[in-house]
*Asks:* 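Got a structure for you, questions after.
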Number of protein chains: 2
Amino acid sequence: MAEHDRADDRESAVETIQRELTSFARRARATAARMHPELSLVSFTLLSHLDEQGGCRATDLATHYALDKSTVSRQVSALERAGLVARRVDPDDHRVQVLHPTAAGAEILAQVTVSRRQMFGERLADWAEDDLTRFARYLERYNEASRAADEA
Amino acid sequence: MAEHDRADDRESAVETIQRELTSFARRARATAARMHPELSLVSFTLLSHLDEQGGCRATDLATHYALDKSTVSRQVSALERAGLVARRVDPDDHRVQVLHPTAAGAEILAQVTVSRRQMFGERLADWAEDDLTRFARYLERYNEASRAADEA
DNA sequence: CCACGCGGGTTGTAGAGTGCAACCAGCGCC
DNA sequence: GGCGCTGGTTGCACTCTACAACCCGCGTGG
(Lines give C-alpha, C1' and ligand atoms only; values in the text may rest on other atoms or scores of the structure.)
Protein backbone atom coordinates (compact mmCIF):
# COMPACT_ATOMS: atom_id res chain seq x y z
CA MET A 1 0.00 0.00 0.00
CA ALA A 2 0.92 3.59 -0.50
CA GLU A 3 1.73 4.28 3.16
CA HIS A 4 4.23 1.49 3.25
CA ASP A 5 5.94 2.68 0.10
CA ARG A 6 6.27 6.13 1.53
CA ALA A 7 7.81 4.74 4.70
CA ASP A 8 10.31 2.86 2.56
CA ASP A 9 11.21 5.98 0.65
CA ARG A 10 11.78 7.73 3.92
CA GLU A 11 13.99 4.93 5.19
CA SER A 12 16.08 4.91 2.07
CA ALA A 13 16.53 8.66 2.11
CA VAL A 14 17.70 8.50 5.72
CA GLU A 15 20.00 5.66 4.78
CA THR A 16 21.55 7.70 1.99
CA ILE A 17 21.97 10.73 4.18
CA GLN A 18 23.70 8.61 6.78
CA ARG A 19 26.01 6.96 4.28
CA GLU A 20 26.95 10.16 2.50
CA LEU A 21 27.53 12.20 5.65
CA THR A 22 29.71 9.44 7.05
CA SER A 23 31.63 9.18 3.84
CA PHE A 24 32.20 12.90 3.87
CA ALA A 25 33.38 12.89 7.46
CA ARG A 26 35.94 10.20 6.77
CA ARG A 27 37.56 12.24 4.06
CA ALA A 28 37.32 15.69 5.55
CA ARG A 29 40.24 15.56 7.92
CA ALA A 30 42.70 14.14 5.43
CA THR A 31 41.59 16.56 2.75
CA ALA A 32 41.98 19.49 5.09
CA ALA A 33 45.41 18.33 6.19
CA ARG A 34 46.56 17.88 2.60
CA MET A 35 45.35 21.35 1.65
CA HIS A 36 47.05 23.32 4.37
CA PRO A 37 49.42 21.38 6.58
CA GLU A 38 50.04 24.45 8.71
CA LEU A 39 46.54 24.46 10.15
CA SER A 40 44.67 21.28 10.98
CA LEU A 41 40.92 21.06 10.74
CA VAL A 42 40.51 21.52 14.48
CA SER A 43 42.96 24.38 14.73
CA PHE A 44 41.28 26.06 11.83
CA THR A 45 37.89 25.70 13.45
CA LEU A 46 39.06 27.04 16.79
CA LEU A 47 40.98 29.92 15.31
CA SER A 48 38.05 30.72 13.12
CA HIS A 49 35.77 30.83 16.11
CA LEU A 50 38.11 33.15 17.94
CA ASP A 51 38.19 35.43 14.95
CA GLU A 52 34.41 35.57 14.57
CA GLN A 53 33.72 36.02 18.26
CA GLY A 54 36.54 38.43 18.75
CA GLY A 55 38.10 36.34 21.48
CA CYS A 56 36.70 33.92 24.00
CA ARG A 57 37.66 31.50 26.73
CA ALA A 58 39.03 28.01 26.30
CA THR A 59 36.05 26.50 28.09
CA ASP A 60 33.69 28.13 25.63
CA LEU A 61 35.54 26.48 22.79
CA ALA A 62 35.40 23.14 24.53
CA THR A 63 31.68 23.17 25.20
CA HIS A 64 30.81 24.67 21.85
CA TYR A 65 32.71 22.02 19.91
CA ALA A 66 32.10 19.12 22.27
CA LEU A 67 35.82 18.70 22.90
CA ASP A 68 37.55 17.87 26.14
CA LYS A 69 39.08 20.88 27.83
CA SER A 70 42.45 19.17 27.76
CA THR A 71 42.24 18.85 24.01
CA VAL A 72 41.42 22.50 23.65
CA SER A 73 44.21 23.40 26.04
CA ARG A 74 46.75 21.58 23.92
CA GLN A 75 45.43 22.93 20.66
CA VAL A 76 45.58 26.43 22.02
CA SER A 77 49.09 25.84 23.31
CA ALA A 78 50.14 24.73 19.85
CA LEU A 79 48.52 27.76 18.27
CA GLU A 80 50.24 29.99 20.77
CA ARG A 81 53.61 28.36 20.13
CA ALA A 82 53.02 28.99 16.44
CA GLY A 83 52.32 32.63 17.26
CA LEU A 84 48.76 32.53 15.95
CA VAL A 85 46.87 33.25 19.14
CA ALA A 86 47.59 35.30 22.24
CA ARG A 87 46.25 34.66 25.70
CA ARG A 88 45.40 37.46 28.06
CA VAL A 89 44.41 36.96 31.64
CA ASP A 90 41.02 38.37 32.37
CA PRO A 91 41.55 41.21 34.88
CA ASP A 92 38.18 40.49 36.51
CA ASP A 93 38.81 36.80 37.05
CA HIS A 94 42.36 35.61 37.18
CA ARG A 95 41.40 32.04 36.39
CA VAL A 96 40.23 32.72 32.87
CA GLN A 97 42.32 33.48 29.84
CA VAL A 98 40.82 35.39 26.99
CA LEU A 99 42.09 34.12 23.66
CA HIS A 100 42.62 36.29 20.62
CA PRO A 101 44.02 35.62 17.20
CA THR A 102 47.24 37.53 16.60
CA ALA A 103 47.86 39.48 13.41
CA ALA A 104 49.74 36.47 12.04
CA GLY A 105 46.89 34.22 13.09
CA ALA A 106 44.32 36.38 11.37
CA GLU A 107 46.38 36.40 8.22
CA ILE A 108 46.87 32.64 8.03
CA LEU A 109 43.24 32.19 8.85
CA ALA A 110 42.31 34.45 5.97
CA GLN A 111 44.50 32.53 3.58
CA VAL A 112 43.17 29.16 4.64
CA THR A 113 39.63 30.44 4.53
CA VAL A 114 40.15 31.64 0.99
CA SER A 115 41.62 28.37 -0.15
CA ARG A 116 38.91 26.37 1.58
CA ARG A 117 36.22 28.56 0.10
CA GLN A 118 37.78 28.12 -3.29
CA MET A 119 37.81 24.35 -2.89
CA PHE A 120 34.18 24.28 -1.84
CA GLY A 121 33.34 26.76 -4.54
CA GLU A 122 34.84 24.49 -7.20
CA ARG A 123 32.91 21.48 -5.99
CA LEU A 124 29.72 23.54 -6.01
CA ALA A 125 30.44 25.54 -9.13
CA ASP A 126 27.69 24.15 -11.32
CA TRP A 127 24.95 24.20 -8.71
CA ALA A 128 21.92 26.39 -9.14
CA GLU A 129 21.64 29.03 -6.47
CA ASP A 130 18.36 27.63 -5.22
CA ASP A 131 20.01 24.31 -4.60
CA LEU A 132 22.90 25.94 -2.79
CA THR A 133 20.73 27.83 -0.38
CA ARG A 134 18.53 24.82 0.23
CA PHE A 135 21.53 22.61 0.83
CA ALA A 136 22.93 25.15 3.25
CA ARG A 137 19.64 25.31 5.11
CA TYR A 138 19.42 21.54 5.36
CA LEU A 139 22.90 21.27 6.79
CA GLU A 140 22.22 23.93 9.37
CA ARG A 141 19.02 22.26 10.32
CA TYR A 142 20.64 18.87 10.62
CA ASN A 143 23.56 20.11 12.67
CA GLU A 144 21.28 21.98 14.99
CA ALA A 145 19.27 18.82 15.67
CA SER A 146 22.51 16.93 16.07
CA ARG A 147 23.88 19.37 18.61
CA ALA A 148 20.64 19.27 20.56
CA ALA A 149 20.69 15.47 20.61
CA ASP A 150 24.32 15.37 21.71
CA GLU A 151 23.60 17.56 24.67
CA ALA A 152 20.79 15.35 25.87
CA MET B 1 22.95 46.02 -8.36
CA ALA B 2 21.05 42.80 -8.57
CA GLU B 3 23.88 40.77 -10.04
CA HIS B 4 26.16 41.66 -7.23
CA ASP B 5 23.59 40.73 -4.66
CA ARG B 6 23.07 37.36 -6.21
CA ALA B 7 26.79 36.70 -6.21
CA ASP B 8 26.84 37.57 -2.52
CA ASP B 9 24.01 35.18 -1.81
CA ARG B 10 25.92 32.49 -3.58
CA GLU B 11 29.06 33.21 -1.59
CA SER B 12 27.26 33.12 1.67
CA ALA B 13 25.51 29.86 0.84
CA VAL B 14 28.87 28.28 -0.04
CA GLU B 15 30.28 29.67 3.17
CA THR B 16 27.49 28.13 5.22
CA ILE B 17 27.83 24.77 3.48
CA GLN B 18 31.55 24.81 4.18
CA ARG B 19 31.08 25.71 7.82
CA GLU B 20 28.34 23.21 8.50
CA LEU B 21 30.00 20.33 6.71
CA THR B 22 33.21 21.00 8.59
CA SER B 23 31.37 21.21 11.84
CA PHE B 24 29.70 17.91 11.13
CA ALA B 25 32.97 16.24 10.20
CA ARG B 26 34.57 17.31 13.45
CA ARG B 27 31.86 15.65 15.49
CA ALA B 28 31.28 12.55 13.47
CA ARG B 29 34.10 10.41 14.79
CA ALA B 30 33.44 11.05 18.44
CA THR B 31 29.73 10.56 18.04
CA ALA B 32 30.27 7.26 16.27
CA ALA B 33 32.73 6.10 18.92
CA ARG B 34 30.35 6.98 21.73
CA MET B 35 27.50 5.12 20.13
CA HIS B 36 29.21 1.79 19.54
CA PRO B 37 32.67 1.45 21.01
CA GLU B 38 33.04 -1.99 19.51
CA LEU B 39 33.22 -0.69 15.94
CA SER B 40 34.97 2.52 15.04
CA LEU B 41 33.80 4.69 12.20
CA VAL B 42 36.48 3.37 9.87
CA SER B 43 35.96 -0.25 10.83
CA PHE B 44 32.26 0.17 10.33
CA THR B 45 32.79 1.66 6.92
CA LEU B 46 35.18 -1.06 5.82
CA LEU B 47 33.06 -3.89 7.16
CA SER B 48 30.04 -2.32 5.58
CA HIS B 49 31.80 -2.20 2.23
CA LEU B 50 32.78 -5.85 2.50
CA ASP B 51 29.23 -6.76 3.26
CA GLU B 52 27.78 -4.82 0.36
CA GLN B 53 30.37 -5.98 -2.13
CA GLY B 54 30.40 -9.53 -0.86
CA GLY B 55 34.13 -9.51 -0.27
CA CYS B 56 37.01 -7.66 -1.83
CA ARG B 57 40.74 -7.08 -1.56
CA ALA B 58 42.49 -4.84 0.92
CA THR B 59 43.90 -2.72 -1.87
CA ASP B 60 40.41 -2.04 -3.16
CA LEU B 61 39.41 -0.73 0.24
CA ALA B 62 42.49 1.46 0.38
CA THR B 63 41.96 3.09 -3.00
CA HIS B 64 38.21 3.41 -2.56
CA TYR B 65 38.51 5.19 0.77
CA ALA B 66 41.73 7.07 0.08
CA LEU B 67 43.52 5.30 2.93
CA ASP B 68 47.05 4.04 3.06
CA LYS B 69 47.36 0.31 2.54
CA SER B 70 49.10 -0.01 5.89
CA THR B 71 46.14 1.57 7.60
CA VAL B 72 43.76 -0.83 5.94
CA SER B 73 46.04 -3.72 6.78
CA ARG B 74 45.94 -2.86 10.45
CA GLN B 75 42.21 -2.23 10.50
CA VAL B 76 41.62 -5.56 8.84
CA SER B 77 43.96 -7.27 11.29
CA ALA B 78 41.97 -5.84 14.16
CA LEU B 79 38.70 -6.92 12.60
CA GLU B 80 40.10 -10.39 12.08
CA ARG B 81 41.34 -10.59 15.66
CA ALA B 82 37.85 -9.64 16.74
CA GLY B 83 36.52 -12.43 14.59
CA LEU B 84 34.50 -10.12 12.35
CA VAL B 85 36.19 -10.74 9.03
CA ALA B 86 37.90 -13.73 7.47
CA ARG B 87 40.70 -13.66 4.90
CA ARG B 88 40.99 -16.23 2.16
CA VAL B 89 43.92 -16.45 -0.16
CA ASP B 90 42.90 -16.08 -3.75
CA PRO B 91 43.67 -19.41 -5.42
CA ASP B 92 44.47 -17.66 -8.71
CA ASP B 93 46.92 -15.20 -7.22
CA HIS B 94 48.54 -16.13 -3.98
CA ARG B 95 49.46 -12.53 -3.22
CA VAL B 96 45.90 -11.34 -2.76
CA GLN B 97 43.58 -12.03 0.13
CA VAL B 98 39.87 -11.87 -0.36
CA LEU B 99 38.13 -10.44 2.68
CA HIS B 100 34.68 -11.46 3.85
CA PRO B 101 32.62 -10.58 6.87
CA THR B 102 32.07 -13.55 9.15
CA ALA B 103 28.68 -14.40 10.57
CA ALA B 104 29.59 -12.53 13.74
CA GLY B 105 30.78 -9.61 11.64
CA ALA B 106 27.55 -9.50 9.69
CA GLU B 107 25.58 -9.57 12.89
CA ILE B 108 27.44 -6.77 14.59
CA LEU B 109 27.29 -4.80 11.41
CA ALA B 110 23.55 -5.23 11.33
CA GLN B 111 23.22 -4.08 14.93
CA VAL B 112 25.38 -1.04 14.41
CA THR B 113 23.61 -0.21 11.20
CA VAL B 114 20.29 -0.32 13.02
CA SER B 115 21.49 1.88 15.85
CA ARG B 116 23.06 4.33 13.43
CA ARG B 117 19.94 4.45 11.34
CA GLN B 118 17.92 5.05 14.47
CA MET B 119 20.18 7.90 15.50
CA PHE B 120 19.95 9.54 12.10
CA GLY B 121 16.26 8.82 12.03
CA GLU B 122 15.74 10.68 15.30
CA ARG B 123 17.64 13.68 14.11
CA LEU B 124 15.59 13.71 10.93
CA ALA B 125 12.28 12.71 12.47
CA ASP B 126 10.39 15.92 11.85
CA TRP B 127 11.59 16.46 8.31
CA ALA B 128 9.18 16.39 5.42
CA GLU B 129 9.89 13.60 3.01
CA ASP B 130 10.58 16.00 0.16
CA ASP B 131 13.28 17.63 2.20
CA LEU B 132 14.82 14.30 3.10
CA THR B 133 15.11 13.14 -0.47
CA ARG B 134 16.42 16.48 -1.62
CA PHE B 135 18.98 16.54 1.18
CA ALA B 136 20.07 13.01 0.27
CA ARG B 137 20.43 13.98 -3.39
CA TYR B 138 22.47 17.04 -2.51
CA LEU B 139 24.85 15.05 -0.37
CA GLU B 140 25.36 12.45 -3.05
CA ARG B 141 25.97 15.12 -5.58
CA TYR B 142 28.44 16.91 -3.39
CA ASN B 143 30.38 13.79 -2.50
CA GLU B 144 30.56 12.73 -6.10
CA ALA B 145 32.08 16.05 -7.07
CA SER B 146 34.38 15.79 -4.09
CA ARG B 147 35.62 12.35 -5.03
CA ALA B 148 36.21 13.45 -8.57
CA ALA B 149 38.21 16.46 -7.39
CA ASP B 150 40.27 14.36 -5.01
CA GLU B 151 41.34 12.03 -7.74
CA ALA B 152 42.53 14.82 -9.97
C1' DC C 1 64.83 -20.12 -17.70
C1' DC C 2 65.69 -16.75 -14.62
C1' DA C 3 66.29 -12.00 -13.28
C1' DC C 4 64.06 -7.96 -12.76
C1' DG C 5 60.16 -5.04 -12.12
C1' DC C 6 55.60 -4.73 -10.27
C1' DG C 7 51.73 -5.21 -7.29
C1' DG C 8 49.61 -6.89 -2.78
C1' DG C 9 50.45 -6.89 2.19
C1' DT C 10 52.92 -6.42 6.65
C1' DT C 11 55.74 -4.20 9.98
C1' DG C 12 58.57 -0.42 12.18
C1' DT C 13 58.32 4.18 13.32
C1' DA C 14 56.55 8.50 14.20
C1' DG C 15 53.19 11.98 15.05
C1' DA C 16 48.54 14.03 15.52
C1' DG C 17 44.22 14.01 18.04
C1' DT C 18 41.65 12.66 21.64
C1' DG C 19 39.54 11.49 26.43
C1' DC C 20 39.98 10.54 31.28
C1' DA C 21 41.73 11.43 35.63
C1' DA C 22 44.44 13.85 38.72
C1' DC C 23 45.94 17.98 39.78
C1' DC C 24 46.63 23.29 40.63
C1' DA C 25 44.84 27.96 41.14
C1' DG C 26 41.50 31.58 41.69
C1' DC C 27 36.77 32.77 43.10
C1' DG C 28 32.67 33.03 46.01
C1' DC C 29 29.61 31.51 49.53
C1' DC C 30 28.56 30.08 53.79
C1' DG D 1 38.73 30.81 56.91
C1' DG D 2 37.34 26.52 54.94
C1' DC D 3 34.76 24.27 51.29
C1' DG D 4 33.01 23.65 46.88
C1' DC D 5 33.02 25.28 42.18
C1' DT D 6 35.09 26.62 37.86
C1' DG D 7 38.94 27.35 34.45
C1' DG D 8 42.98 25.34 32.98
C1' DT D 9 47.21 22.15 32.65
C1' DT D 10 49.56 17.83 32.74
C1' DG D 11 50.35 12.72 32.76
C1' DC D 12 48.88 8.77 30.61
C1' DA D 13 46.96 5.72 27.37
C1' DC D 14 44.93 4.71 23.18
C1' DT D 15 43.45 5.09 18.18
C1' DC D 16 44.12 6.49 13.60
C1' DT D 17 47.05 7.68 10.27
C1' DA D 18 50.99 8.10 6.78
C1' DC D 19 55.52 7.04 5.12
C1' DA D 20 59.23 3.95 4.32
C1' DA D 21 61.30 -0.29 4.21
C1' DC D 22 60.54 -4.71 3.63
C1' DC D 23 58.79 -9.66 2.01
C1' DC D 24 56.53 -12.58 -1.24
C1' DG D 25 54.26 -14.11 -5.39
C1' DC D 26 53.47 -13.02 -10.27
C1' DG D 27 54.71 -12.14 -15.03
C1' DT D 28 57.53 -10.54 -18.77
C1' DG D 29 61.77 -9.76 -21.53
C1' DG D 30 66.22 -10.98 -22.17
*Asks:* What contact category does A:V42 fall into here, base, sugar-phosphate, or nothing, at under 4.0 angstrom with non-hydrogen atoms?
*Replies:*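 Touches sugar-phosphate only.
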*Asks:* With a 4.0 Å cut-off on heavy atoms, is B:T59 in touch with a base, just the backbone sugar-phosphate, or nothing at all?
*Replies:*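 Touches sugar-phosphate only.
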*Asks:* Give a yes or no answer on whether the side chain of A:S77 reaches the backbone of A:S73 with a donor-acceptor pair at less than 3.5 Å.
*Replies:*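 Looks like yes, one N/O pair under 3.5 Å.
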*Asks:* What is the distance, to the nearest angstrom, from the CG atom on A:L61 to the C1' atom on D:dT9?
*Replies:*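 Nearest whole value for this atom pair: 16 Å.
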*Asks:* Whole angstrom is fine here: how far is it from CG in B:L41 over to C1' in D:dT17?
*Replies:*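 For the pair B:L41 CG and D:dT17 C1', the rounded distance is 14 Å.
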*Asks:* Give one of base, sugar-phosphate or nothing for B:D68, where a contact means two heavy atoms less than 4.0 Å apart.
*Replies:*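 Base: the residue B:D68, judged by heavy atoms under 4.0 Å, touches a nucleobase.
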*Asks:* Heavy atoms only, 4.0 Å cut-off, all strands: where does A:R74 land among base, sugar-phosphate and nothing?
*Replies:* base
*Asks:* Going by heavy atoms in the side chains, are B:P101 and B:L84 under 4.5 Å from each other?
*Replies:*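 No; the side chains remain at least 4.5 Å from each other.
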*Asks:* If the cut-off is 4.0 Å, is A:S73 near the phosphate of D:dT9, judged by side-chain N/O to OP1 or OP2?
*Replies:*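 Yes, such a contact exists.
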*Asks:* Tell me the interatomic distance from A:K69, atom NZ, to D:dC5, atom P, rounded to whole angstroms.
*Replies:* 13 Å
*Asks:* Rounding to an integer number of Å, can you tell me how far A:Q75 CD sits from D:dT9 C1'?
*Replies:*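 Taking atom C1' of D:dT9 as the reference, CD of A:Q75 is at 15 Å.
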*Asks:* Are any of B:S70's side-chain N or O atoms less than 4.0 Å away from OP1 or OP2 of D:dA18?
*Replies:* no
*Asks:* Respond yes when some side-chain nitrogen or oxygen of B:R57 is under 4.0 Å from OP1 or OP2 of C:dG8, and no when none is.
*Replies:* yes
*Asks:* Do B:S40 and D:dC16 share a donor-acceptor pair, side chain to base, under 3.5 Å?
*Replies:*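 Between D:dC16 and B:S40, which were checked side chain against base, a qualifying N/O pair under 3.5 Å is absent.
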*Asks:* Which distance, rounded to the nearest 0.5 Å, do you find between the OH of B:Y142 and the CG of A:D131?
*Replies:*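 Rounded to the nearest 0.5 Å, the OH-CG separation comes out at 15.5 Å.
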*Asks:* Does CD belonging to B:E144 count more than 12 external heavy atoms closer than 6.0 Å?
*Replies:*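 No, not enclosed.
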*Asks:* Compare side-chain N and O positions of A:R87 against OP1 and OP2 of D:dT9 and report whether any pair is under 4.0 Å apart.
*Replies:*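 Yes, because at least one side-chain N or O of A:R87 sits under 4.0 Å from OP1 or OP2 of D:dT9.
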